[in-house]
Amino acid sequence: MLKTIPSKLPDVGSTIFSEMSALALECQAINLGQGFPDYPPSEVLIQAVSNAMLQGHNQYAPMAGLPALREAIASKVQTQHGRSYSVNSEITVTSGASEALMSSLLALAHPGDEVLLIDPAYDLYEPSIRLAGARAVRVPMRPPQENDPAFCIDWNRIEAALTDKTRMLVLNFPHNPTGLTLKSEDLDALETLISKHPILLLSDEAYEHIVFDGQAHLSPVSRPLLAEHTVLISSFGKTFHATGWKVGYCCAPAAVMTEIRKVHQFTVFSVSTPMQAGIAQYLRTADALSGLSGFYQKKRDRLLAGLKETVLRPLRAEGTFFLLVDTAALGDGLEKELALRLTRDVGVASIPVSAFYGDPNHPEANHQLLRLCFAKLDTTLDQALERLQGLENRLAG
Ligand code: PMP
Ligand code: GLN
């Protein structure tokens with residue numbers, strides 16, 4: 001009989017995103033939970049990938065990624081942030097942002113290290129840190145208050161959490177789930193912090209092209225001092241409405257990238273070749289990236305307008321395709337319980353924000369907030385809004 005294998009992650013089950021999507025399917029609920037669009041990528045992009053296959057781009061790509069795609073990424077990042085990365089030694093194409101995050105953490109965090117997370121934090125970070133043998137130290141944002149209904153990064157608290165064991169701070173802006181973006185004052189605070197404590201910054205910018213109300217996305221790599229400390233990570237999943245393609249990338253100073261590639265080459269080795277060739281081709285078209293923020297701003301505003309007819313109170317959303325709603329009108333209790341009831345009784349699936357904390361059942365993780373994904377057809381959003389009207393009368397028990 002097989003000897004029992006101790007779990008490396010004994011407290012980890014399926015992600016909240018898989019759980020809520022499965023429940024939505026079972027209950028035939030409208031799925032505003034897991035973040036993915038219910039519309040396809042551009043036909044031009046699909047054609048570019050299909051052409052790449054027909055033209056013979058079907059064998060292993062170079063380990064670091066097709067040169068054409070790395071060049072396109074270098075040029076995109078240079079235009080966006082004024083930072084130039086070496087195509088040869090500082091850019092790697094990865095299997096989504098997920099693999100870039102995991103490879104970076106496995107390569108850079110050592111047993112005994114501490115890695116700072118800002119709560120609420122995306123679910124992948126802590127298990128990856130633990131698999132690297134390091135310890136996650138979670139520092140909460142200040143939650144929404146009566147007179148200021150928005151999450152707020154507390155840089156003093158982050159600085160206070162730094163020790164001589166701190167290897168890295170994980171950043172994720174535009175932020176999932178709060179939609180918060182980084183402001184110039186935040187980059188000032190980061191510069192002060194980095195000049196005192198020369199740690200690494202792991203900057204997950206998966207929603208970099210979705211920012212609203214005329215703001216520009218501010219990356220730490222736009223400041224030379226911060227760029228020297230940063231691993232910039234992103235994904236084409238959200239940008240091209242293709243979350244299932246799992247193509248992403250990371251950029252970092254050469255010495256850091258050398259270490260990340262050592263893990264990347266033995267986990268995936270190289271990413272799907274026709275996807276890379278098609279995306280590289282598509283990125284050469286001028287309008288591949290512009291327009292995405294405007295597209296999502298309209299959807300955000302449609303959802304905001306419709307929510308006025310419900311008891312749910314939206315928080316400010318500055319970026320990403322998520323909106324948080326305050327459910328205080330429905331009484332207190334665990335956010336997850338409410339999300340389950342809303343899916344079963346009202347037919348709309350959402351994600352409890354508490355799932356982004358270390359202990360989702362802790363009172364400090366429960367702020368009566370649910371996350372709604374608005375990467376949906378207008379008809380889907382309208383149907384969901386119709387169901388949400390008068391929901392307080394349909395919630396059982
Ligand atoms: N980081 C964040 C903040 C995310 O929301 C996601 C999921 N969409 C990822 C990383 C993973 O991205 P990918 O699907 O490209 O692996
Ligand atoms: N990032 C997506 C979200 O926040 C989920 C991706 C996943 O299911 N792992 O909804």
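Values reported hereafter were calculated over all heavy atoms of this structure, with side chains retained and with hydrogens, waters and symmetry mates removed. In each ligand, atom 1 is the first atom listed, and ligand 1 is the first ligand listed.
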Interatomic spacing from CG in L388 to OG1 in T310 - rounded to 0.5 Å:
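Reported value, rounded in 0.5 Å steps: 6.0 Å.
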
Output for pair (H241 NE2, L292 CG), nearest 0.5 Å, gives 5.5 Å

For residues Y39 and F295, establish whether the separation of their ring centroids is below 6.0 Å. yes

Original post:
Between F212 and Y296, does the ring centroid distance fall short of 6.0 Å?
Top reply: no

### Message
Below 3.5 Å, N or O to N or O, backbone or side chain included: is there any such pair between T15 and ligand 2?
### Response
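Among all N and O atoms of T15, none is under 3.5 Å from an N or O of ligand 2.
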
### Message
If you measure every N or O of G35 against every N or O of ligand 2, does any of those distances drop under 3.5 Å?
### Response
yes

Strictly below 4.0 Å, N to O, side chains only: are D119 and R138 in salt-bridge contact?
yes

May I ask you to say whether R300 pairs ionically with E318, meaning some side-chain N is under 4.0 Å from a carboxylate O?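 No salt bridge links R300 with E318.
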
- Have a look at ligand 2 and work out which part of R371, if any, has a heavy atom under 4.0 Å from it: side chain, backbone, both or neither.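 Side chain only.
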
Note: N176, heavy atoms under 4.0 Å from ligand 2, region reported as side chain

| request: Please assess T163 against E114 for the test side-chain hydrogen bond (donor to acceptor under 3.5 Å, both in side chains), listing each intermediate value before the final yes or no. | output: CA-CA 8 Å; T163 71; E114 292 175 354; 2.8 Å; yes

Among protein heavy atoms, which sits nearest to [atom], and what does the distance come to when rounded to 0.1 Å?
| atom | value |
| --- | --- |
| atom 1 (N) of ligand 1 | D204 OD2, 2.5 Å |
| atom 12 (O) of ligand 1 | A97 CB, 3.5 Å |
| atom 1 (N) of ligand 2 | Y122 OH, 3.1 Å |
| atom 9 (C) of ligand 1 | Y122 CE2, 3.6 Å |
| atom 15 (O) of ligand 1 | S235 OG, 2.6 Å |
| atom 16 (O) of ligand 1 | S98 OG, 2.5 Å |
| atom 7 (C) of ligand 1 | K238 NZ, 2.8 Å |
| atom 8 (O) of ligand 2 | Q34 NE2, 2.7 Å |

I need the atoms of ligand 1 closer than 4.0 Å to a non-hydrogen atom of N172, numbered in the order shown.
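The atoms of ligand 1 under 4.0 Å from a heavy atom of N172 are 3 (C).
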
Counting from 1 in the order shown, the ligand 1 atoms closer than 4.0 Å to a non-hydrogen atom of G96 are 15 (O), 16 (O)

Checklist line | Heteroatom distance test (Y125, ligand 1): nitrogen or oxygen, under 3.5 angstrom | finding: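 Not met; the criterion fails.
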
Open item on the list: Tell me whether E99 reaches ligand 1 (any heavy atom closer than 4.0 angstrom to a ligand atom).
Closed with: no

inquiry  = Under a 3.5 Å distance rule, please check whether S50 uses its side chain to pair with a backbone N or O of I46 as donor and acceptor.
reply    = yes

Residue part near ligand 1, for K246, under 4.0 Å between non-hydrogen atoms
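It is the side chain that gets close, since no backbone atom is under 4.0 Å.
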
Please assess V170 against L116 for the test side-chain contact (heavy atoms from CB on, under 4.5 Å), listing each intermediate value before the final yes or no. CA-CA 6 Å; V170 179; L116 295 188; over 6 Å; no

Quiz item: Hey, what's the ring geometry for F356 with Y122, parallel, tilted or perpendicular (30° and 60° as the breaks)?
Solution: tilted

Of the choices F36, Y207, F17, W245, which has the non-hydrogen atom that lies closest to atom 5 (O) of ligand 1?
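Nearest option to atom 5 (O) of ligand 1, by heavy atoms: Y207.
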
E99 vs S103, side-chain hydrogen bond (donor to acceptor under 3.5 Å, both in side chains): CA-CA, chis, key distance, verdict = CA-CA 6 Å; E99 190 253 317; S103 292; 2.6 Å; yes

